[in-house]
Participant: 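The structure that follows is given in the form of structure tokens.
Chain letters run A, B, ... following the sequence lines, proteins first, then strands; residues in each count from 1.
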Amino acid sequence: MINLTLKDGSVRSVEKGKTIYDVAKDISGRLAKEAVAGVVNGKTVDLSYILEEDVALNILTLNDDEGLDVFRHTTAHVMAMAVQNLFPGTKLAIGPSIENGFYYDFDTKHVFVPEDLDQIEKEMKRIISEDLHAERFVLNREDALKFVNEIDADYKVELINDLPEGEELSFYRHGKFVDLCAGPHLYGLKQIKAFKLLSIAGAYWRGDSDRKMLQRIYATAFPKASQLEEHLHRLEEAKKRDHRKLGKELKLFSLMEQGPGFPFFLPKGMIVKNKLIEYWRDVHEKAGYVEVETPQILNRSLWETSGHWFHYAENMYTLKIDDEDYAIKPMNCPGGMLVYKTELRSYRDFPMRVGELGKVHRHELSGALHGLMRVRAFTQDDAHIFMLPSQIKDEIKEVVRVIDEVYQTFGFKYHIELSTRPEKSMGSDAEWELAEASLQQALEESNLAYRLNPGDGAFYGPKIDFHLEDCIGRTWQCGTIQLDMQLPQRFELTYIGEDGEKHRPVVIHRVAFGSIERFVGILIEHFAGKFPTWLSPVQVKMITVADRHFDYANQLKKQFEKAGIRVELDARHESVGYKIREARLERNPYMLVIGDNEVEKQTISVRSRDHGELGEMSVEDLLAKVNKEIEDKFTV
RNA sequence: GCUGACGUAGCUCAGUAGGUAGAGCAACGCCAUGGUAAGGCGUAGGUCGUGAGUUCAAAUCUCAUCGUUAGCUCCA
């Protein structure tokens with residue numbers, strides 16, 4: 001007999017030589033049904049793992065994230081098996097589980113088309129119906145290489161060669177199908193019930209753009225059909241609130257082939273953008289920022305000083321003016337440095353917070369463009385903060401506070417990532433160490449949880465990134481705080497210290513929205529086009545029932561306008577039903593229908609987008625209500 | 001940039017054994033003056049992304065190019 005310490009701390013004695021599956025069955029029939037893998041002394045293993053000694057055992061089920069991964073990864077194997085059955089000669093690369101699903105990368109002469117997905121799904125179902133059981137075997141390196149060479153699995157050869165010496169080389173076999181895999185896998189395939197292949201895409205082998213492009217099939221899988229349906233429904237919902245679709249429908253912005261990646265903002269989108277800017281100025285003014293504007297086009301020598309001319313060349317739009325090289329700014333910082341140098345600075349001026357809503361242009365790869373989320377011209381809500389080294393921590397805490405305030409206003413949750421020195425970087429080891437330590441300490445002293453992102457910093461310094469979570473759970477990188485140990489040196493920035501000597505200031509770059517254009521896109525999707533009142537392009541939409549109601553409606557309209565409310569009057573000769581339908585599609589917060597009743601009683605009947613019919617009320621009441629919502633930046 | 005798909009009226013889309021283009025909505029005109037998600041009738045609107053090629057004939061086939069798109073790479 002051996003003793004197993006289970007998840008709940010209890011100890012269970014079982015016969016030596018039992019499998020984990022046997023133990024699960026012993027515990028309960030239900031557990032046996034839901035079990036997918038085991039964790040023995042911290043190592044994830046198959047259910048068929050044989051227990052030989054006293055261990056800590058945790059049985060993973062479909063309800064554990066890790067168990068779900070096993071389930072999805074096994075489903076990926078089934079997909080690979082189906083593809084190889086249907087398209088013989090297909091070589092397998094890798095097929096991991098990912099959030100909500102899995103993918104597998106294939107190398108095959110056959111070019112996948114969407115219709116293939118149905119066929120592959122059918123074949124997968126057929127395979128599952130055979131109820132094959134996973135068979136695990138381990139080979140030594142030599143045999144493993146021999147084996148994968150025999151089955152003509154080039155990619156696996158490379159994987160094996162890259163695995164560290166001493167690593168166990170395990171394979172899984174389902175019927176005729178074999179794949180190199182660390183495992184674990186489901187014991188039987190019958191547990192796979194709800195899955196769907198979603199899309200075909202290209203992906204570089206090992207994520208390296210210099211290597212071969214493979215064909216990737218993305219899929220999703222869940223233990224229960226209802227969960228799959230729910231997930232597919234969520235995808236549909238996400239599609240419905242796609243900012244590119246809503247941006248067109250709500251006439252917010254437009255993208256044209258005459259300017260790929262250069263968005264056109266239409267009048268209504270411009271209101272949203274301008275309201276965000278107004279809000280931003282208000283927040284920053286209160287937080288002690290001043291604002292500047294630096295030129296769009298600056299001379300080459302500046303970009304050489306900043307290092308961009310060499311480090312950022314492929315992303316910069318350059319031009320010749322009077323035989324001299326110029327570049328359209330891809331960042332605001334160099335201009336900001338020049339602003340600093342317009343005066344002799346004193347330590348008494350610090351921290352000096354200088355904001356700039358700077359429009360920057362970057363030549364992004366054509367394939368990277370995506371609506372407003374990824375563009376080639378965007379407005380950064382930038383600021384450069386100049387300070388003493390001793391002020392770093394407190395100042396970062398203050399910046400974090402401002403960014404938090406901004407996100408709270410829109411109801412966003414977020415998480416923080418700290419990125420450290422990348423391969424391509426400028427500066428000495430000592431400078432980087434100091435910079436990284438400063439950011440880290442600031443976060444820790446602010447008691448903020450963060451993830452570490454090694455090697456993901458900017459070439460001039462480490463950074464803290466803020467990733468927003470929108471209301472359907474997607475994340476977007478928006479805010480960032482970057483400590484810059486390079487530009488102050490390159491621009492030879494100085495200040496006069498208490499001792500009367502020149503010193504070098506510390507510089508922080510930071511953005512809260514990140515890109516106002518992207519932020520607008522995120523807001524469109526977050527609110528599904530239903531902007532809170534303060535941001536709505538039209539706050540009150542008025543509809544006349546018949547022509548005779550125009551005068552009263554027009555008089556009301558003027559009253560609203562005078563009160564600073566954005567109002568639109570639809571007095572077209574169309575049916576009321578039709579005008580109401582259009583107004584609702586516009587998603588304005590308030591809609592008023594003006595007919596005989598209202599004219600007679602000199603009132604209005606109000607319909608709220610978010611709360612339905614509000615019935616009759618006085619104009620003053622509605623004005624007060626709308627104004628309060630604008631004041632509160634109230635979000636539903 | 002790379003791999004695949006797509007590009008037809010302002011919008012959403014139909015139109016392949018190749019035979020010089022269709023619908024709905026929108027726009028415009030007329031009629032209906034209508035009460036919380038589409039009233040009726042009519043008019044106009046397209047060198048089928050662009051450029052070459054094949055063909056008696058190309059929206060349809062081929063090539064190139066531009067754009068969009070799912071991803072990869074990169075990134076605010």
Participant: Applying the Watson-Crick and G-U wobble criteria at under 3.5 Å, what pairs with G39(B)? Answer none if nothing qualifies.
Facilitator: C31(B)
Participant: Taking atom types as they are modelled, is there a donor-acceptor pair under 3.5 Å from the base of U33(B) to the side chain of Ser575(A)?
Facilitator: no
Participant: Step through it carefully: locate the ring centre of His526(A), locate the ring centre of Phe412(A), and say whether they are under 6.0 Å apart.
Facilitator: yes
Participant: If you take atom types as modelled and just measure distance, does the side chain of Ser366(A) reach the base of G67(B) with a donor-acceptor pair under 3.5 Å?
Facilitator: no
Participant: Are OP1 or OP2 of G39(B) and a side-chain N or O of Arg581(A) less than 4.0 angstrom apart?
Facilitator: no
Participant: Using the salt bridge (charged side-chain N to carboxylate O under 4.0 Å, His left out) rule, pick out the option among Lys541(A), Lys251(A), Lys557(A) that qualifies with Glu568(A).
Facilitator: Lys541(A)
Participant: Phosphate oxygens OP1/OP2 of C30(B): is one of them under 4.0 Å from a side-chain N or O of His573(A)?
Facilitator: no
Participant: Ignoring hydrogens and angles, are the base of C74(B) and the side chain of Arg374(A) linked by a donor-acceptor pair under 3.5 Å?
Facilitator: yes
Participant: With rounding to the closest Å, how many angstrom separate the C1' atoms on G15(B) and C48(B)?
Facilitator: 10 Å
Participant: What's the gap between C25(B) and A64(B) when it is taken at their P atoms, as a whole Å value?
Facilitator: 41 Å
Participant: Phe262(A) has an atom CZ; how far is it from atom C1' of C66(B), in whole Å?
Facilitator: 15 Å
Participant: For G53(B), what is the paired nucleotide under Watson-Crick or G-U wobble rules, both distances under 3.5 Å?
Facilitator: C61(B)
Participant: Please measure how far the C1' atom in A14(B) lies from the corresponding atom in C72(B), and state the result in whole Å.
Facilitator: 34 Å
Participant: Check the orientation of Trp205(A) and Tyr155(A). Use parallel for under 30°, tilted for 30 to 60°, and perpendicular for over 60°.
Facilitator: perpendicular
Participant: Between A70(B) and U12(B), how many Å separate the two P atoms, rounded to a whole number?
Facilitator: 15 Å
Participant: Could you check whether the side chain of Glu598(A) and the base of G35(B) have a donor-acceptor pair of N or O atoms closer than 3.5 Å, going by distance alone?
Facilitator: yes
Participant: Please confirm whether the shortest side-chain N or O distance from Ser209(A) to OP1 or OP2 of G1(B) is below 4.0 Å.
Facilitator: no
Participant: P atom, A23(B) versus U62(B): distance in rounded Å?
Facilitator: 29 Å
Participant: Under a 3.5 Å cutoff, is there a donor and acceptor pairing between the side chains of Thr294(A) and Lys329(A)?
Facilitator: yes
Participant: Rounding to the closest angstrom, what is the interatomic distance between U16(B) and C61(B) at atom C1'?
Facilitator: 10 Å
Participant: Using a cut-off of strictly less than 4.0 Å, decide whether Lys463(A) has a side-chain nitrogen or oxygen near OP1 or OP2 of A76(B).
Facilitator: yes
Participant: For the P atoms, the ones on A26(B) and on A38(B), what distance do you get once it is rounded to whole angstrom?
Facilitator: 12 Å
Participant: Hey, which of these two, Arg584(A) or Leu372(A), hits RNA chain B nearer its 5' end, going by closest nucleotide?
Facilitator: Arg584(A)
Participant: Given atom CG of Leu255(A) and atom P of G49(B), what is their separation to the nearest angstrom?
Facilitator: 20 Å
Participant: Check this one for me: any side-chain N or O of Tyr578(A) less than 4.0 Å away from OP1 or OP2 of U33(B)?
Facilitator: no
Participant: Within 45° of the six-membered ring axis of Tyr204(A) and under 6.0 Å from that ring's centre, is NZ or CZ of Arg216(A) located there?
Facilitator: no
Participant: If we call it a pair only when both distances are under 3.5 Å in a Watson-Crick or G-U wobble match, what pairs with A9(B)?
Facilitator: none
Participant: Can the ring centres of His110(A) and Phe112(A) be said to be less than 6.0 Å apart?
Facilitator: yes
Participant: Considering every strand shown, what is the Watson-Crick or G-U wobble mate of C72(B) when both distances are under 3.5 Å?
Facilitator: G1(B)
Participant: Which sits closer to the 5' end of RNA chain B, Glu257(A) or Glu364(A), going by the nucleotide each is nearest to?
Facilitator: Glu257(A)
Participant: For nucleotides G22(B) and A44(B), find the distance between their C1' atoms and express it as a whole number of Å.
Facilitator: 16 Å
Participant: With a 4.0 Å limit, can you tell me whether Tyr204(A) has a side-chain N or O closer than that to the phosphate oxygens OP1/OP2 of G1(B)?
Facilitator: no
Participant: Is the phosphate of G4(B) approached by Arg216(A) (side-chain N or O, under 4.0 Å from OP1 or OP2)?
Facilitator: no
